[in-house]
J.: 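One structure coming up, written as structure tokens, with questions to follow.
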Amino acid sequence: MVQNLLLVIIFLPLLGGLFVVSSHDGERKNSVDVAILTIISNIFLILKLFSDIDMHSENLQAISSFIWPILPRVNVVFGIDMTSLLLMLAVHLAILVGVFAIRYEIKSQKSVLFFTMCFLSSCNAYFAAVDIFSFYTFFVLMIFPLFMQTGIMGGDKKYKMISRFYIYNFIGAFLFLSAIVTIYALEGKSVEINQIASVKLDKGYGIWVWSAIFLAFVSRIPVWPFHYWITSFSANIKNPLVFIEANIIPVVGLYGFVRFWPANIPDEISSLAPIFEMFCILTMLFISFSVYSNTSVKEKLFAYTLVYYLLYLIGVFLPTDILIDNIAYSLFAFILVMAALTMIVAHIEAESEKLSSGVNGILCLQPKTSLAYSMLVLAAIGLPVSALFWNNFIIISEIFNVSLYIGTAVIITLVLAAVSLLQNLYTLKDDTCPLNVKEKIHDIDTTEFVICIVVLLVLFLSLFKPLWFVY
């Protein structure tokens, strides 16, 4: 029963996408209703799966196995644990917020929703993949819907975005494929992720295989030089749902490292971890300082997300497995904060186009937007109102235990990112704004305000017990 439930969770969004395409949109957006109903149904199924598995077990559970009957013979296996299930839930909630944010969108709404459902189904399969072939398959497939949305919503610069998008992701996909083909050739059979450590690789093969896998995951994370394609994509996408999907992509790379690092990596590669950590720190510092030259609210939000993803990447690279749960809890809260802020920022930027002064002081004309945005920013910068506070504190303390210099640099970048968000909040709430344009500016509607309040409530409850919805 549990195994069947896992398969339903994986493929239900894809079925919902087919209904989205076939729905008729009149005055009421049926495609939006179908997408919302599909996501909410899957959220309830995920919560059901939380209650059916042992959350304290370190082994993968709810295993579903299928034999691919043609050559090469591959045993396709799906399973979940607390980390993968928590990330599934976070991604569903973030996508749900994004769907509400575009429910009044007119341009290509049905196409965007269809590819969003495909993206969600690929994410579920990726988080549940146990064997390395299905892990690779959905690692590649989840990029295709985002690629199509780039062509639909990319605007004037979409060809430049598509070229960068294709090049960087093709490099990562090719390296990963080369690694798993090498493993299959040496073993002559399908290998599960947790069995890769037992694969006998000589020194030459070991360095090649693990370096290829390493670079494949890094290609999805905003580390120099791979951050260019994500930056180009996010800077030119105005659709909040697509922006949320783009900012979920780094979670794919992080999750890959969670599954492979550190126990399975040979000494030849693990010795290079300090050098890679320095690349992460330099990228964080560059992003933290460069954000002060940008005036766009969305670009400041994007810089904030990059800095925190690199923080979690450094946490994954620490020589300990005890932080995996903390990183999962932090990512859950972080993804929710990012999604809610994206919805608010999209509304602010859309309304700011009506003002000659831009975004300066716009929040004093939008009381509900002002309250929601202010509370979300306070949660984002790490005040003790969500799981971000305790778990980020633990991650940073472990970084200090390993290296005082890296820990100090991480603190500096986080402070700079927080100050940038607070400075931006002050600009948006500047009370010298022109009050005579009040009738031209619309506040967020009641639905969006309620969504923000619910997100804040979920974040606040996670402060005391990250899995409060399970026990």
J.: Report yes if the side chains of Met142 and Cys123 come closer than 4.5 Å at any heavy-atom pair, otherwise no.
T.: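 Counting from C-beta outward, Met142 and Cys123 do come under 4.5 Å.
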J.: Give the C-alpha distance, both sets of side-chain angles, the deciding distance and a yes or no for side-chain contact (heavy atoms from CB on, under 4.5 Å) between Leu331 and Asn391.
T.: CA-CA 10 Å; Leu331 278 174; Asn391 292 286; over 6 Å; no
J.: On a heavy-atom basis, which atom in Ala340 and which in Val455 lie closest, and how many Å separate them?
T.: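 Nearest heavy atoms, Ala340 then Val455: CB-CG1, 4.1 Å.
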J.: Check the pair Leu241, Gln149 against side-chain contact (heavy atoms from CB on, under 4.5 Å), reporting the backbone distance first and the verdict last.
T.: CA-CA 10 Å; Leu241 177 57; Gln149 289 172 332; 5.5 Å; no
J.: Report yes or no: do Asn424 and Thr427 form a side-chain donor-acceptor pair below 3.5 Å?
T.: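 No.
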J.: Start with the C-alpha gap between Ile95 and Ile248, add the side-chain angles, then the distance that decides, and say whether side-chain contact (heavy atoms from CB on, under 4.5 Å) holds.
T.: CA-CA 10 Å; Ile95 295 295; Ile248 289 173; 4.1 Å; yes
J.: So which heavy atom on Gly79 is nearest to which on Val130, and how close?
T.: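 Scanning both residues completely, I find the closest heavy atoms to be N-CG2, 3.3 Å.
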J.: Just to verify, what does Leu37 make a side chain to side chain contact (heavy atoms under 4.5 Å, CB included) with, not counting sequence neighbours?
T.: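 By the side chain to side chain contact (heavy atoms under 4.5 Å, CB included) rule, Leu37 matches Ser41.
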J.: Would you say the side chain of Phe100 lies within less than 4.5 Å of the side chain of Val450, judging by non-hydrogen atoms?
T.: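 They are not in side-chain contact.
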J.: For the pair Tyr304 and Phe334, name the ring-plane relationship: parallel under 30°, tilted 30 to 60°, perpendicular over 60°.
T.: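 It falls in the tilted class, 30° to 60°.
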J.: If I take atom CG from residue Leu175 and atom CG from residue Leu215, how far apart are they, to the nearest 0.5 angstrom?
T.: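 It is 6.0 Å, given to the nearest 0.5 Å.
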J.: Could you work out, with salt bridge (Lys or Arg N to Asp or Glu O under 4.0 Å) as the rule, every residue matching Glu349, not counting sequence neighbours?
T.: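 If we apply the salt bridge (Lys or Arg N to Asp or Glu O under 4.0 Å) test to Glu349, skipping adjacent residues, there are no hits.
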J.: Pair up each side-chain donor or acceptor in residues 6-15 with any protein partner under 3.5 Å, not counting sequence neighbours, and list the distances.
T.:
none

J.: Please round to the nearest 0.5 Å and tell me the distance separating atom CG of Leu378 and atom CG of Leu456.
T.: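 Leu378 CG to Leu456 CG: 9.5 Å, rounded to 0.5 Å.
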J.: List the atom of Ala179, the atom of Ile213, and the distance in Å for their closest heavy-atom pair.
T.: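 In this case the closest contact between Ala179 and Ile213 is CB-CG1, 3.6 Å.
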J.: Using atom types as modelled and distance alone, determine if a side-chain donor or acceptor of Asn247 lies under 3.5 Å from a backbone N or O of Phe243.
T.: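 Answer holds: yes.
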J.: Carefully, step by step, assess Phe138 and Asn124 under the rule side-chain contact (heavy atoms from CB on, under 4.5 Å).
T.: CA-CA 9 Å; Phe138 294 105; Asn124 292 342; over 6 Å; no
J.: Has the side chain of Asp81 got a donor or acceptor atom that lies under 3.5 Å from a matching backbone atom of Ser84?
T.: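 Yes, because the side chain of Asp81 sits within donor-acceptor range (under 3.5 Å) of the backbone of Ser84.
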J.: Which residue pairs satisfy the side chain to side chain donor-acceptor pair (under 3.5 Å) criterion with at least one member in residues 445-462, sequence neighbours excluded?
T.: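 Output for this query lists Arg103-Asp445.
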J.: For the residue pair Ile344 and Cys452, what are the closest heavy atoms and their distance?
T.: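 Where Ile344 meets Cys452 most closely, the heavy atoms are CD1-SG, 3.5 Å.
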J.: How about Phe176 and Phe217: are their ring centres within less than 6.0 Å of each other?
T.: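 Yes: the rings meet the under 6.0 Å criterion.
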J.: Under 3.5 Å, which donor-acceptor pairs link side chains of residues 362-370 to any protein atom two or more places apart or in another chain?
T.:
from, atom 1, to, atom 2, distance (Å)
Gln366, NE2, His347, NE2, 3.1
Gln366, NE2, His442, O, 2.8
Lys368, NZ, Ile444, O, 3.2
Thr369, OG1, Asp443, OD1, 2.4
Thr369, OG1, Ile444, N, 3.2
Ser370, OG, Lys429, NZ, 2.5

J.: Give the minimum heavy-atom separation between Val99 and Ala35, together with the two atoms involved.
T.: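 Looking at all heavy atoms of both residues, the closest pair is CG1-CB, 4.4 Å.
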J.: Should Val297 and Leu428 count as side-chain neighbours, where that means a heavy-atom distance under 4.5 Å?
T.: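 They are in side-chain contact.
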J.: Any side-chain heavy atom of Ile395 within less than 4.5 Å of one from Ser330?
T.: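 The answer is yes, as the side chains (C-beta and beyond) meet within the 4.5 Å cut-off.
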J.: Counting only N and O atoms by type, is there a donor-acceptor contact under 3.5 Å from the side chain of Tyr309 to the main-chain atoms of Ile221?
T.: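 Flag not set: sc Tyr309 to bb Ile221 has no pair under 3.5 Å.
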J.: Taking the side chain as everything from C-beta on, heavy atoms only, tell me whether Met117 gets closer than 4.5 Å to Ile39.
T.: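 They are in contact (side-chain heavy atoms under 4.5 Å apart), so the answer is yes.
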J.: Checking Ser121 side chain against Cys118 main chain: does a donor-acceptor pair fall under 3.5 Å?
T.: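 No, because the side chain of Ser121 does not come within donor-acceptor range (under 3.5 Å) of the backbone of Cys118.
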J.: Checking Arg220 side chain against Phe139 main chain: does a donor-acceptor pair fall under 3.5 Å?
T.: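 Yes; judged by distance alone, with no hydrogens or angles, the pair exists.
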J.: Examine Phe119 together with Tyr126 and report whether their ring centres are nearer than 6.0 Å.
T.: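 Not close enough - the centres of the two rings lie 6.0 Å or further apart.
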J.: Check whether any side-chain heavy atom of Phe127 lies under 4.5 Å from a side-chain heavy atom of Arg259, and answer yes or no.
T.: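 Result no, sub-4.5 Å side-chain heavy-atom pair not found.
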J.: Within a strict 4.5 Å, meaning less than it, do heavy atoms of the Phe133 and Ile180 side chains meet?
T.: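 Yes, their side chains come closer than 4.5 Å.
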J.: Between Gln109 and Ile102 (side chain of the first, backbone of the second, donor and acceptor by atom type, cut-off under 3.5 Å), is there such a pair?
T.: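 Answer holds: yes.
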J.: Shortest non-hydrogen contact from Leu425 to Ser374?
T.: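 For Leu425 and Ser374, the tightest heavy-atom pair comes out as CD1-OG, 3.6 Å.
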J.: Apply side chain to side chain donor-acceptor pair (under 3.5 Å) to Tyr312 and list each qualifying residue two or more places apart in sequence or on a separate chain.
T.: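 Side chain to side chain donor-acceptor pair (under 3.5 Å) list for Tyr312, sorted by chain: Asn392.
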J.: Is there a side-chain contact between Tyr373 and Leu341 in this structure, where contact means two heavy atoms from C-beta onward sitting under 4.5 Å apart?
T.: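 Tyr373 reaches Leu341 side chain to side chain.
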J.: Any donor and acceptor pair, going by atom type alone, linking the side chain of Thr342 with main-chain N or O of Met338 inside 3.5 Å?
T.: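 At least one qualifying donor-acceptor pair exists.
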